[in-house]
Amino acid sequence: EMIVGANYRQYALNSEGTLFALKDDGSEFTISEYGAYLQMAKKMFADKFKLTGSIRYDKNENFEGQFSPRLSGVYTEGRSNFRASYQTGFRIPTTQDQYINLLTPSARLLGGLAVVQDRYKLSGNSYTIQSILASPTNPANWKVYQSKEWKPEQVHTFEFGYKGFLGDRLLADFYVYQSNFTNFSAGQVVAQPSTTIVGSLNYFSFPSNVDNEVVTNGWGLGLDYQLGSNWTLGTNVSYNAVKDNGGLSDYQLAFNTPNYRTNVSIGNRNIGGSGWGVNAVWRYQDQFVWQSSIVNQVVNQSQQSLIPAFNTLDAQVSKKLSGLKSILKVGATNLFGTPYTTGWANPTVGSMYYVSITFDELLNK
């Protein structure tokens, strides 16, 4: 099996100077990028094993070209599937990360490209916010910011997994992975003495590459069990973490991911052939630190922008109305109404209660 393809894309920025930096002549920037890929797959060992390999090449006009090879294999034995993969990838910065130039109450947000940053002469004339917070009254201890080439983020990932039936009623799905990032793109904040207000500092926030390797790892497990009489019980849990190797203090990683997420569900679409159905799902998410350019820079750096842990219960009762060829549903999300949020500056989520009736000529005879 072989697949080949290519793509070309051009971005034409058009914010009329309200969001993106402008060229010296006042016009908007454009960005061109292109890429091509080849994927090949082969079945072996009596079709029990499938090996897939692919390679991509992508080029953005503001960055060097990137190769990203990948290799994966799936072995099937009976009702069990074992999989393993090695993948490489990259992330071309977004148009906003490249060219933004926006003054906010907490800082001026800048793109990571030199053509944007050099207009403010930050290199050699500004200081890292971490050193300022560490010694706020002694400028002699402040660390001078020196610019460096900004590169696309790259990652190498190993993943192993299993999906299959353990017995006649239990379906399991498990994976474990580790990702090693180079040139991890993270937020950096610097302060420059004001030229108009003595003793005042102007803050600038922009994406930059972390000097050290950044490692993330995690695992996930899903279980679905047939209880009998059309009852099903399911659960899944996932763990994700980023490793701080001691070289990340000058950056805001914005990992923005809780360590643990889990849910448990139970349901029956047709209890005892009566046409009544029920389903309930309990969800839990661990607390985590949310870092973003919209968060106050001091709050960001001190990791005070916590998103609290929360749990919710969704429930639904349904009744099949055979005479009307319809299904009546009554239910609620976040049944007990405790408000929660999933990100800094996101709206608070409450509850939704609903009644619905669905008419289906084909499926509800």
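The analysis underlying the following values was restricted to heavy atoms, covering all of them including side chains, and did not include hydrogens, waters or symmetry mates.
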Taking atom [atom1] as the centre, does [X] end up with more than 12 heavy-atom neighbours from other residues, nucleotides or ligands that are less than 6.0 angstrom away?
{"X": "Arg269", "atom1": "CZ", "answer": "no"}
{"X": "Gln146", "atom1": "CD", "answer": "yes"}
{"X": "Gln10", "atom1": "CD", "answer": "yes"}
{"X": "Lys23", "atom1": "NZ", "answer": "yes"}
{"X": "Phe336", "atom1": "CZ", "answer": "no"}

Are Phe174 and Tyr162 an aromatic pair by the rule of ring centers under 6.0 Å? no
Salt bridge (Lys or Arg N to Asp or Glu O under 4.0 Å) partners of [X], counting only residues at least two apart:
{"X": "Arg169", "value": "none"}
{"X": "Arg70", "value": "none"}
{"X": "Lys42", "value": "none"}

Looking at side-chain heavy atoms only, is the closest gap between [X] and [Y] below 4.5 Å?
{"X": "Thr216", "Y": "Lys243", "answer": "no"}
{"X": "Thr30", "Y": "Tyr11", "answer": "no"}
{"X": "Pro193", "Y": "Tyr127", "answer": "yes"}
{"X": "Val116", "Y": "Tyr99", "answer": "yes"}
{"X": "Tyr86", "Y": "His156", "answer": "yes"}
{"X": "Leu13", "Y": "Thr95", "answer": "yes"}

Look at the aromatic rings of [X] and [Y] and report parallel, tilted or perpendicular, splitting at 30° and 60°.
{"X": "Phe184", "Y": "Phe181", "answer": "perpendicular"}
{"X": "Trp219", "Y": "Tyr260", "answer": "perpendicular"}
{"X": "Tyr340", "Y": "Phe310", "answer": "parallel"}

Within 45° of the six-membered ring axis of Phe165 and under 6.0 Å from that ring's centre, is NZ or CZ of Arg79 located there? yes
